[in-house]
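Source: prediction; values computed, not measured.
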Amino acid sequence: MTIEWQYTAGEHFGLLSLSGYLGPEGAHRFTGAIDWVMARGTGPVVADMTGLRGWSLEGQLAVTEAARRLTGKGRGLELAAIPADGSLVPDGDCPPIAVHSDLAAALAAHGARDQGDEGRHE
């Protein structure tokens, strides 16, 4: 199984919602989603991982690489509700990645309650 993703561009940040399993196959799809996100929207990207059933080492590496790429474009990456089967351990040259306990906490950090359907892509 791979991941499904949906992107909603907001005024001050983008919301990338993920579901499925972020394994080797999903990592490639996640990278494509990040390409899509980088071409659209501004500000930091919150990756909502509430719907993920888990992630592999390859998936975690794809997340840290996405953080590097987004930071290189002046944007940050934040994670909401990382999978319970592991924690993200970025290497030393990875930019900081904020981790929120859940989506509500991530939205609250940005002063938002709901991004709605504006700018949504699946």
Exercise. What are the two closest heavy atoms between Ala109 and His100, and how far apart are they?
Worked result: CB-CE1, 3.7 Å

For this session: List the atom of Gly43, the atom of Arg75, and the distance in Å for their closest heavy-atom pair.
Result: O-NE, 2.6 Å

For this session: Identify, with sequence neighbours excluded, every residue that meets side-chain hydrogen bond (donor to acceptor under 3.5 Å, both in side chains) alongside Ser17.
Result: none

Exercise. Do Leu22 and Val63 come within less than 4.5 Å of each other through their side chains, counting heavy atoms only?
Worked result: yes

Problem set entry | Check against side-chain contact (heavy atoms from CB on, under 4.5 Å), Thr31 and Glu65 | CA-CA 9 Å; Thr31 299; Glu65 181 58 27; over 6 Å; no

Exercise. Under a 4.5 Å cut-off applied to non-hydrogen side-chain atoms, are Arg68 and Asp93 in contact?
Worked result: yes

Exercise. Which value, rounded to the nearest 0.5 Å, describes the distance between Met49 atom CE and Leu103 atom CG?
Worked result: 12.5 Å

Problem set entry | Minimum-distance pair of heavy atoms, taken over all atoms of Ala67 and Cys94 | CB-SG, 4.2 Å

Exercise. Which atom pair, heavy atoms only, marks the closest approach of Leu61 to Thr64?
Worked result: O-OG1, 2.9 Å

Seminar exercise, completed: Heavy-atom nearest pair, Ser19 first then Leu52, reads C-CD2, 3.9 Å

Problem set entry | Pair listing, salt bridge (charged side-chain N to carboxylate O under 4.0 Å, His left out) test, anchored in residues 94-109, at least two apart | none

Problem set entry | Residue list, ring pair (Phe, Tyr, Trp, His ring centres under 6.0 Å) with His110, at least two apart or on another chain | Phe13

Exercise. Looking only at heavy atoms, what is the nearest atom pair of Tyr21 and Trp55, with distance?
Worked result: CE1-N, 3.5 Å

Exercise. What residues, two or more places apart in sequence or in another chain, satisfy salt bridge (Lys or Arg N to Asp or Glu O under 4.0 Å) together with Glu58?
Worked result: none

Exercise. Got a second to check how far Ile3's CD1 is from Arg29's CZ, nearest 0.5 Å?
Worked result: 6.5 Å

Exercise. For Glu78, which residues count as a salt bridge (Lys or Arg N to Asp or Glu O under 4.0 Å) partner, sequence neighbours excluded?
Worked result: none

Problem set entry | Approximate separation, where rounding is to 0.5 Å, of Ile82 CD1 and Ser101 OG | 10.5 Å

For this session: Mind jotting down which residue pairs meet the salt bridge (charged side-chain N to carboxylate O under 4.0 Å, His left out) criterion with at least one end in residues 31-49? Sequence neighbours excluded, please.
Result: Asp35-Arg69

Problem set entry | Minimum side-chain heavy-atom gap Ile34-Leu16 below 4.5 Å | yes

